[in-house]
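Step one of this worksheet: look at the structure below.
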Amino acid sequence: MSDRVRDEGNSDFYARLGVEPMGKEGRTHFSNELTPEIAGKDVVLVGWVHILRDKGKLKFLILRDEHGTAQVTISQDKVPPDVFTVSGQLKPESVVAVKGRVVKAGQVERGVEVVPTRIRLINTAERLPIDVVEGKVDIDLETRLNNRILDLRKPRVNAIFHVQHCLVKWAREYLVKNAFIEIHTPKLVAEATEGGANLFEVKYFERKAYLAQSPQFYKQLMLLAGFGRVYEVGPVFRAEKHNTRRHVNEYTSFDFEMAWISGVEDVMNMEERMLEYAFKQTIKEASAELELVGVKLQTPKVPFKRIKHAEAIDLVNETGMHLSYEDDLDPECERILGEIFPEKYGTDMVFITHYPLGLRPAYTMPSLTDEGKTESFDLTYKGMEITTGGQRIHLYDLLVERFKAKGFDPAHFAFYLDPFKYGAPPHGGLGLGVERLTMQTLGIENVREATLLPRDRDRLTP
RNA sequence: GCCCCUGUAGUGUAGUCCGGUCUAGCAUAGGCGACUGUCACUCGUCUAACCCGGGUUCAAAUCCCGGCGGGGGCGCCA
């Protein structure tokens with residue numbers, strides 16, 4: 001077919017394929033703009049055939065666009081014959097442009113329906129590999145992800161990413177209002193930043209390079225470069241062969257870093273106020289999407305509860321676990337704490353602070369008040385870690401000492417360490433997992449559902 | 001790296017333990033037909049599947065062996 005199209009030029013390929021170009025008669029209204037107030041008006045709707053309830057001489061076409069659905073009612077004795085004919089040929093997910101009059105209709109939820117004077121088929125759709133209409137059969141996540149583009153058309157799935165957009169947008173705006181500037185750091189790097197997570201190796205001409213596991217070093221260096229407050233929202237890569245509902249191999253990290261802080265408390269203050277603002281604005285702006293997903297979102301109260309790592313260990317041990325103060329809080333502990341926090345503190349947003357030195361990266365500021373601990377924190381939300389942050393070491397000698405203590409050769413990190421010789425400001429910051437924030441906010445079970453196009457253990461497409 | 005589970009129509013499942021009644025059931029999707037107020041429309045009808053290879057057996061979706069595929073968990077982390 002494509003060869004024929006080429007060979008015969010552009011004269012008439014729309015007609016030959018049985019479709020029409022968009023033309024000049026474009027959309028005048030979105031589905032959600034159809035209200036009883038505009039009854040009597042002529043409109044053009046453009047979108048997909050969501051459902052066609054064909055009752056013979058009477059057909060109900062549910063048209064879906066970016067903002068919802070609207071009913072087009074095609075009654076044989078009220079529409080032109082050609083409109084009636086075309087309507088009978090529509091398939092699920094056909095693309096159509098419907099011109100017609102808005103008519104009040106008490107039977108319809110929206111209060112109005114459209115009586116068409118013209119229906120143009122803009123594009124055809126083959127039999128669907130998965131249903132776009134939800135609620136008929138449960139589809140495995142695997143199958144959904146294999147057909148992710150169609151899957152994302154489902155209003156409920158689409159709404160997840162509208163909410164994500166809002167959360168990020170308003171968090172960003174909060175930072176911008178607080179004198180942060182957005183930076184863009186390299187994703188191709190020469191060395192690991194934290195040792196822990198494995199790196200993806202890539203060919204860099206005649207050398208090896210890696211995909212960045214975090215913008216950590218660069219955002220710190222930008223403070224040393226004289227930008228007082230910076231943030232970046234970008235991809236990070238983890239070459240871990242994990243296969244869990246909380247992990248993917250590429251995710252979006254929302255990072256910020258701020259100079260001239262008195263201590264880690266300044267970073268936590270910034271984050272809690274940023275999230276408070278982002279939640280508040282999202283609840284306002286994405287109310288329709290939140291309702292679609294079925295989530296009644298509350299703005300978390302500031303200040304968030306803070307407890308020390310050692311206290312968290314105590315709380316977990318009270319439930320019968322046997323952890324030492326040097327142990328990390330594994331997913332089971334996080335789950336337990338996720339149940340304890342709401343009962344005990346009436347909140348599901350809790351900072352866990354003062355992690356032991358052994359559990360934190362080399363650049364983390366040791367604590368003066370708590371021997372062997374760090375000026376660091378995690379933010380847990382509904383029993384899952386969504387942020388890691390802390391005060392960073394700005395003193396060159398101490399930084400080198402800590403790198404050595406972690407078993408890193410400072411010579412390999414000269415590009416990072418050397419600038420600290422020349423007057424680095426005290427600073428701190430954090431990294432927030434955008435998809436994890438989304439999944440916890442919306443009560444989603446698997447982070448892949450909160451990831452547009454997930455990259456996991458064996459998924460590289462779509 | 002370690003551990004557990006699992007492959008049946010486009011999709012989701014029943015059947016597998018205890019081989020025959022499976023000519024493989026159901027739902028949804030799809031084709032065709034009927035229906036002028038549906039709203040996951042309804043009704044009728046048709047199409048469509050046992051991951052691959054080998055073995056055991058009179059007989060294999062079912063048992064055994066090998067291969068391939070899929071899902072989840074742990075460690076690590078956001």
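Because the structure is a prediction, the values reported are computed rather than measured. Basis for what follows: all heavy atoms, side chains included, without hydrogens, waters or symmetry-related copies. In what follows, chains are A, B, ... by sequence order, proteins preceding strands, each numbered from 1.
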Quote, to the nearest angstrom, the [atom1] distance that separates [N] from [M].
| N | M | atom1 | value |
| --- | --- | --- | --- |
| B/U11 | B/C22 | P | 25 Å |
| B/G31 | B/G15 | C1' | 28 Å |
| B/G7 | B/G30 | C1' | 24 Å |
| B/U23 | B/U28 | P | 26 Å |
| B/C4 | B/C43 | C1' | 47 Å |
| B/G69 | B/C18 | P | 30 Å |
| B/A29 | B/C65 | P | 41 Å |

Side chain of [X] - closest among [options]:
| X | options | value |
| --- | --- | --- |
| A/E385 | B/A78, B/U38, B/G10 | B/A78 |
| A/R245 | B/G73, B/A78, B/C35 | B/G73 |
| A/R246 | B/U28, B/U36, B/C76 | B/C76 |
| A/I130 | B/U11, B/C77, B/G75 | B/U11 |
| A/T244 | B/U36, B/C74, B/G10 | B/C74 |
| A/L141 | B/G12, B/C77, B/G72 | B/G72 |
| A/K78 | B/G37, B/G12, B/U11 | B/G37 |
| A/T73 | B/G37, B/G10, B/C77 | B/G37 |
| A/K57 | B/U36, B/A78, B/A29 | B/U36 |
| A/E240 | B/G75, B/G37, B/C35 | B/G75 |

Looking at every strand, decide which applies to [X] at a 4.0 Å heavy-atom threshold: base, sugar-phosphate, or nothing.
| X | answer |
| --- | --- |
| A/V236 | nothing |
| A/D131 | base |
| A/V447 | nothing |
| A/T252 | nothing |
| A/I62 | nothing |
| A/L432 | nothing |
| A/D330 | sugar-phosphate |

Expressed as a whole number of angstroms, how long is the span from [X]:[atom1] to [N]:[atom2]?
| X | N | atom1 | atom2 | answer |
| --- | --- | --- | --- | --- |
| A/R238 | B/G75 | CZ | C1' | 15 Å |
| A/H50 | B/U38 | NE2 | C1' | 15 Å |
| A/D140 | B/A9 | CG | P | 12 Å |
| A/I139 | B/A40 | CD1 | C1' | 13 Å |
| A/K91 | B/C32 | NZ | P | 5 Å |

Could you tell me how the ring of [X] sits relative to the ring of [Y]: parallel (under 30°), tilted (30 to 60°) or perpendicular (over 60°)?
| X | Y | result |
| --- | --- | --- |
| A/Y277 | A/Y174 | tilted |
| A/F403 | A/Y416 | tilted |
| A/F217 | A/Y363 | perpendicular |

Fill in: For B/A34, the Watson-Crick or wobble counterpart (both distances under 3.5 Å)
B/U42
Fill in: Main-chain N/O of A/R455 paired to A/R459 side chain as donor or acceptor, under 3.5 Å
no
Worksheet entry | Donor-acceptor pair, side chain of A/R392 and main chain of A/G429, under 3.5 angstrom | yes
Worksheet item: How about A/F180 and A/F256: are their ring centres within less than 6.0 Å of each other?
Response: yes
For [N], take OP1 and OP2 only and decide whether either is under 4.0 Å from a side-chain N or O of [X].
| X | N | answer |
| --- | --- | --- |
| A/K241 | B/G1 | yes |
| A/K136 | B/A27 | no |
| A/R448 | B/G72 | yes |
| A/N446 | B/G72 | yes |
| A/S253 | B/A78 | no |
| A/T143 | B/G12 | yes |

Worksheet item: How do A/E250 and A/R457 order along RNA chain B: which one's closest nucleotide is nearer the 5' end?
Response: A/R457
Worksheet entry | Side-chain donor/acceptor of A/Q71 to base of B/U38, under 3.5 Å | yes
Worksheet item: On a plain distance test, is the side chain of A/E113 in donor-acceptor contact with the base of B/G37 below 3.5 Å?
Response: yes
Practice prompt. Drop me the distance from A/L359's CG to A/K373's NZ, to the nearest 0.5 angstrom.
Written response: 8.5 Å
Worksheet item: Is the aromatic ring of A/F60 within stacking range of B/G37, meaning centres under 5.5 angstrom and planes under 30 degrees?
Response: no
